[in-house]
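Written out below as structure tokens is the structure these notes cover.
All values below were derived from every heavy atom in this structure, side-chain atoms included, with hydrogens, water molecules and symmetry-related copies excluded.
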Amino acid sequence: MTICVVLVASVDSQLEQEILDAGSEYQHLAGLPKALLPVSGGKRVLDYWWTAIESQRQISDVYLVTNAKSFKHFERWATARGLPSQNVVNDGTTTRASSLGAARDLLLALNRCGYNNDRDVVVVAGDSLFHREFDLAALVADQHVRAGSSLAVSYRLAEGEAASSRGVVEVDERTRRVTRFVEKPCGDETVSRQACPLFYVLKPAVASLLPEFVESNEGKPSLGSFMEWAVNDKGSNVSSVRLPGCFRLIGDAGLQDYLDMIEHFERMDSPTYSGALGRGRLTTRAYARVGLFGNPSDGYGGKTIALTIANFWAEATIAPSERLCLVPHPLFDPCDFGGLRDLHFISRREGYQGGMRLLQAACKRFLEYCVERGIALPKRNFTLSYETNVPRQVGLAGSSAIVTAVVRALMRFYALDETHVPVEILPNLVLSVEAELGINAGLQDRVVQAFEGLVYMDFDPSTFEAKGHGVYERLTASQLHAALPLLWLAYSGEPSDSGAIHSDVKQRWRNGDADAVQGMSAIASVAAKAREAIRLGDASECRRLMAENFRLRRKLFGDAVLGATNLKLISIAEQNGAVAKFPGSGGAVVGTCDVDRLASVRRAYEREGFVFVELEPHFSDDGEGVLAARVGEVALDV
Ligand SMILES: *[C@@H]1O[C@H](CO)[C@@H](O)[C@H](O)[C@H]1NC(C)=O
Ligand SMILES: *[C@@H]1O[C@H](CO)[C@@H](O)[C@H](O)[C@H]1NC(C)=O
């Protein structure tokens with residue numbers, strides 16, 4: 001069981017003063033404590049906390065600690081809501097000078113309830129602005145709390161926001177444990193920018209330390225200074241949960257914050273709000289890619305170079321909605337057919353690989369990722385849909401493009417950024433979504449889709465093990481232009497797996513078979529050599545390496561595995577003075593040739609019924625990875 005202590009004892013807030021200064025328009029608010037200011041539809045600031053607290057079954061008792069000046073106001077508020085006046089504690093203060101400090105106020109409440117170190121204590125500042133999407137239930141039942149740790153929520157200070165009036169936590173990224181708590185840091189006392197608003201879940205082990213702390217403290221100890229002492233001096237176990245940047249619990253709000261909040265809540269509370277679909281909709285994108293050098297060694301701890309292309313992409317569109325909905329794609333997730341024969345035809349041709357399962361698995365893994373990383377997501381539902389023009393079954397990483405776009409959409413919807421999902425970690429998250437669905441894949445595609453542009457990747461297992469990700473390096477658009485000015489793609493418009501023989505290379509490689517291990521490491525070294533050639537702008541060496549990449553792959557996998565169509569795609573290039581290789585698993589080739597041969601190469605492919613397209617490399621404008629690819633975005637209502 002849990003008790004909840006709501007602190008509303010602060011005197012003379014900035015807001016109260018500003019209301020007095022603002023004159024007649026706000027006269028009706030004068031003298032009201034901040035927590036009891038009306039917000040929307042007759043509800044007061046404290047009512048929003050109250051609604052959230054009251055609905056938590058774990059919370060058995062609620063106590064309010066108020067100053068003497070506002071005591072009657074709060075007593076009236078409490079009895080109107082069925083809270084016994086016994087639970088409203090008067091700390092006796094009437095001025096800021098005589099205030100006791102939040103630690104002492106909390107102790108008063110614990111004494112009043114006869115606390116004997118048996119229950120968890122949730123403590124909140126009741127005059128902070130409660131955000132409607134604050135997920136109290138998730139915090140009270142957080143996995144760390146269940147495992148016996150106390151909890152501090154934190155948010156990242158905005159650029160230029162001073163840390164000096166806050167409690168700042170240093171956190172072990174792996175365990176989420178608070179390793180150091182610095183109350184009101186001065187100067188460079190800590191590099192951390194994670195600040196704690198007044199919201200804690202205290203386990204009995206920590207709450208029971210409070211009397212000792214308060215007795216040994218002459219002044220007006222804040223709750224932050226208590227946490228500092230409990231963590232740094234007493235070695236208490238406190239975990240940190242991060243609130244994404246989209247919402248704050250604001251303590252020292254002024255009149256303008258209050259007016260903004262009224263507007264916000266009025267909008268949220270209005271009956272038309274849930275129907276406001278379309279407002280705040282945002283679309284994110286991820287591009288298809290071609291593997292240029294070293295593939296498929298990425299699945300074997302090797303090295304590759306890959307490029308995102310602007311010709312093909314997947315998009316995810318997300319918008320706030322009353323319920324959480326995933327929208328099936330009318331073409332790719334068919335559920336309505338023109339008869340049994342039509343169903344048969346579509347199923348044979350398209351398989352069973354719609355995008356819905358990708359959306360669902362991406363949402364599932366996204367939540368798990370956030371829980372593992374101690375990220376407290378706001379409570380909001382959304383409607384999520386997708387669109388893609390990546391040709392299917394030709395190895396251009398169409399499904400990981402959908403997953404990457406969806407994760408980007410979720411990140412933006414919940415206001416996560418690179419501090420929550422670093423660009424080198426995003427590929428692991430995307431891969432884990434696909435692993436969940438039994439899709440067998442390497443990391444290359446997800447990495448280049450996260451970073452965008454031309455990317456060199458080294459998946460050396462020992463480095464990977466140590467860092468949790470590979471070594472990834474962006475090469476520039478001008479380097480690409482010098483080394484490979486012309487790239488094209490040819491693929492089969494009617495992809496078919498028939499006749500393809502399953503490869504045993506992976507198994508042989510795992511078993512340490514010398515041919516497999518050496519063959520794969522030779523393919524990986526193509527990427528390392530190509531990196532040098534690209535840096536030097538050596539176009540002829542790049543062509544030679546593309547051809548070598550194919551030769552090595554053919555030698556290792558054998559013609560039966562590659563299949564007749566794939567071999568034909570390569571030989572058309574060779575017969576026409578061009579160079580080609582597989583950009584992915586097969587079904588397409590990426591190639592290059594002199595500009596004056598382009599037309600005849602195109603004709604040769606088209607004569608054989610293949611689709612031919614000149615590639616347009618995609619580099620993100622700002623060189624940022626995780627959230628770079630976005631289009632048509634409208635600001636979200638937060
Ligand atoms: C913190 O947690 C660890 C492991 O759960 C436990 O062994 C240790 O005693 C705890 N420390 C304190 C001060 O409670
Ligand atoms: C999300 O949708 C569910 C089901 O429709 C609903 O019960 C829940 O209240 C919604 N949550 C929010 C935060 O709107």
If we count only N and O atoms by modelled type, under 3.5 Å, do the side chains of Q194 and S240 hold a donor and an acceptor together? no

Please lay out, stage by stage, how C196 and V168 fare under the test side chain to side chain contact (heavy atoms under 4.5 Å, CB included). CA-CA 6 Å; C196 297; V168 170; over 6 Å; no

Is any side-chain heavy atom of S164 less than 4.5 Å from a side-chain heavy atom of K184? no

Could you grab the distance from atom OG of S620 to atom CZ of R285, nearest 0.5 Å is fine? 13.0 Å

Atom CD of residue position E75 - does it have more than 12 heavy atoms of other residues, nucleotides or ligands inside 6.0 Å? yes

Looking only at the side chains, is there a donor atom on one of E315 and T284 sitting less than 3.5 Å from an acceptor on the other? no

If you define the side chain from C-beta out and look only at heavy atoms, does anything of Y200 sit under 4.5 Å from V124? no

With the side chain counted from C-beta on, respond yes when L426 and V423 share a heavy-atom pair under 4.5 Å apart, and no when they do not. no

Donor + acceptor pair across side chains of S239, R177 (<3.5 Å): no

Would you tell me whether E387 and T317 have side-chain atoms, one donor and one acceptor, within less than 3.5 Å of each other? no

Do N217 and W229 meet the criterion of a side-chain donor-acceptor pair at a distance under 3.5 Å? no

Are more than 12 heavy atoms, taken from residues, nucleotides or ligands other than R81, located less than 6.0 Å from that residue's CZ atom? yes

Side-chain contact, heavy-atom cut-off 4.5 Å: F464 with N428? yes

Does atom CD of E465 have more than 12 heavy-atom neighbours from other groups under 6.0 Å away? no

For Y386 and D333, test the side chains for any donor-to-acceptor distance below 3.5 angstrom and give the result as yes or no. yes

Any carboxylate oxygen within less than 4.0 angstrom of a Lys/Arg side-chain nitrogen, looking at R119 and D61? yes

Quick one: do E434 and R446 make a salt bridge, cutoff under 4.0 Å? yes

In terms of relative ring orientation, are Y472 and H469 parallel, tilted or perpendicular, with 30° and 60° separating the classes? tilted

Whether Y414 and F382 hold their rings parallel, tilted or perpendicular, with breakpoints at 30° and 60°: perpendicular

When you compare the side chains of T79 and S85, does any donor N or O come within less than 3.5 Å of an acceptor on the partner? no

